[in-house]
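All chains are named by letter (A, B, ...) in the order of the sequence lines, taking the proteins before the strands, and each is independently numbered beginning at 1.
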Amino acid sequence: MSFQSKLILWYSDKKRDLPWRTTNNPYTIWLSEIILQQTQIKQGLPYYEEFVANYPTVFDLAEASETSVLKLWQGLGYYSRARNLHTTAKHIAYELNGKFPDNYKDLLKLKGVGDYTASAIASIAFNEPAAVVDGNVYRVLSRYFGIDTPINTSAGIKEFKTLASSLILKDQPATYNQALMEFGALQCKPKNPNCEACPLNTNCAALQHQRIGELPVKLKKTKITTKYFNFIVGIDQQQQTFIEQRTHKGIWQNLYQFPLIESDKSLSSEEFHMLGLENSILEDMTFDYALYNEVDVIHKLSHQHLHTKFWIIETQTLPEGAIPIKSLKKYPVPALINDFITQFGF
DNA sequence: AATGCGGGGCA
DNA sequence: TGCCCAGCATT
């Protein structure tokens, strides 16, 4: 049996009973699709019911004030959806005389309607064979066909849209599209899917290669975080210094560094002095200190920007484990530390 | 190609 | 905590 036939069979047995599945009204189907963008059905369902009750037709929605619409949307998030919803309702009611656009190309022109939503409405309300590609579809297709092209790249978007379009059942696009999405939501779940009970498990590439947990591939958008590092450079009368090894996971694991105090902002000398050396191995020492670099040294990693100050501590004796400054070069240190050692003249 | 936009559920 | 959810608009 084909991939599509198995899906349809599964859907006829397992599909949830949802209000927008018992109508061909493009207005309510559109409403449901906007509400369900990036929103789980459990969360969106009560909003759908309220919107249909308060605005039974596109004219009712068009005649409402934006404030009323936003109030009804309150708590659902992504509020541009509500504003675009209202804008589009007015457009359809007053400029299109209430006639809902009835094909993918025209639907795509509506504010708040992108490729997915245009395909969904065109197929579900008007039986146009336009393939939907949402988060569920990416997951099902990437696993079943073993595709590891990242889904959040232009190449991935194009590849999955093409594949989905080649698979759609042209004689029943509405049922097929919804079956595919429902399958992703209920059976081919993001985490811990029950593949033993899956009707597609005999031909699923990801299952056969044990790659369920890896697919779909999604590139992480590494957000850059800023951190403030204060390295304590101790110098005693025997020309020794003190370093420690980074043992915890994260950057620079197992490399050596001067004792580090992280702060939530760049510290002035006064602030540094107030802070003292708490939580540092050097915290009980008496010392004089000097700031080496007035301007933060900014060290850029792929996902972190480290704003760094080096504080020079001159003291009589250092704790057990201090090492001769001359032996510093034997220890692996981050480039940031190595640059300091070189420039400081150690 | 990247980023902002929300809030809830889940492991 | 991080990831995901019937994505879209903007730059």
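- Of the options Tyr55(A), Trp20(A), Trp73(A), Trp30(A), a ring pair (Phe, Tyr, Trp, His ring centres under 6.0 Å) to Tyr48(A) is made by Trp20(A) and by none of the others.
- The residue among Thr153(A) and Gln38(A) whose nearest nucleotide of DNA chain B lies closer to the 5′ end is Thr153(A).
- Between Lys218(A) and Gln37(A), the residue whose closest nucleotide on DNA chain C is further toward the 5' end is Lys218(A).
- Here dA6(C) presents its C1' atom at 17 Å from OH of Tyr47(A), a figure rounded to the nearest Å.
- Taking the centre of each ring, Phe3(A) and Phe145(A) come in below the 6.0 Å mark.
- Mapped onto DNA chain C by nearest heavy atom, Arg21(A) and Val113(A) fall at different nucleotides, with Arg21(A) at the one closer to the 5' end.
- Remark: Asp134(A), Gly135(A), Asn136(A), Arg139(A) in residues 126-141 of chain A come within less than 4.0 Å of DNA chain C through at least one heavy atom.
- Tracing side-chain contacts under 4.5 Å through hydrophobic residues (I, L, V, M, F, W, Y), one never reaches Tyr104(A) starting from Tyr27(A); they form parts of separate clusters.
- Each of Trp10(A), Tyr144(A), Tyr11(A), Tyr176(A) was compared with Phe183(A) under the ring pair (Phe, Tyr, Trp, His ring centres under 6.0 Å) criterion, and only Trp10(A) meets it.
- Closest to the side chain of Thr39(A), from the set dA6(C), dC8(C), dG6(B), is dG6(B).
- Distance check on atom P: dT10(C) versus dG6(B) gives 14 Å, rounded to whole Å.
- Scanning residues 76-91 of chain A for heavy-atom distances under 4.0 Å to DNA chain B yields Leu76(A), Gly77(A), Tyr78(A), Tyr79(A), Arg81(A).
- Contacts of Ser32(A) with the nucleic acid, taken as non-hydrogen atoms under 4.0 Å apart, are absent.
- Other residues, nucleotides and ligands place no more than 12 heavy atoms under 6.0 Å from the CD atom of Glu196(A).
- Spacing between atom CD of Gln178(A) and atom C1' of dA6(C) amounts to 9 Å, rounded to whole angstrom units.
- In terms of hydrophobic clustering, with Ile, Leu, Val, Met, Phe, Trp and Tyr side chains grouped at heavy-atom distances under 4.5 Å, Ile151(A) and Ile147(A) are assigned to a common cluster.
- Atom-to-atom, NZ of Lys111(A) to P of dA9(C) comes out at 7 Å; the value is rounded to the nearest Å.
- In this structure, Lys109(A) places its NZ atom 15 Å from P of dA9(C), rounding to the nearest Å.
- Across all strands, Trp73(A) comes closer than 4.0 Å to no nucleic acid atom at all (heavy-atom distances).
- Atom P of dG4(B) sits at a distance of 24 Å from the matching atom of dA6(C), rounded to the whole Å.
- Checking Lys15(A), Arg21(A), Lys14(A) one by one against Glu182(A), the salt bridge (Lys or Arg N to Asp or Glu O under 4.0 Å) holds for a single residue, Arg21(A).
- In this structure, the side chain of Asn293(A) engages the main chain of Phe310(A) through a donor-acceptor pair within 3.5 Å.
- The distance from atom OH of Tyr116(A) to atom P of dC5(C) is 12 Å, rounded to the nearest whole Å.
- Between Phe160(A) atom CZ and dA6(C) atom P there is a gap of 17 Å when expressed in whole angstrom units.
- Using a 4.0 Å heavy-atom distance criterion, Asp115(A) is classed as a sugar-phosphate-only contact.
- Remark: the Ser5(A) side chain and the Ser2(A) side chain contain an N/O donor-acceptor pair separated by less than 3.5 Å.
- Evaluated for a ring pair (Phe, Tyr, Trp, His ring centres under 6.0 Å) with Tyr292(A), the options Phe258(A), Phe340(A), Phe272(A), Phe231(A) yield exactly one hit, Phe340(A).
- Rounded to whole Å, atom P of dC4(C) lies 12 Å from atom CG of Leu215(A).
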Detail all sub-3.5 Å separations between protein N/O atoms and N/O atoms belonging to nucleotides 8-10 of chain B.
none

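- Remark: the separation of the P atoms in dG8(B) and dC8(C) is 22 Å, to the nearest Å.
- Under 3.5 Å, the side chains of Gln237(A) and Thr317(A) contain no donor-acceptor pair of N or O atoms.
- Rounding to whole angstrom units, CD of residue Glu33(A) and P of dG7(C) are separated by 9 Å.
- Side-chain atoms of Asp236(A) and Thr315(A) include no donor-acceptor pair closer than 3.5 Å.
- Side-chain contact annotation: Asp296(A) with Thr308(A), donor-acceptor N/O pair under 3.5 Å absent.
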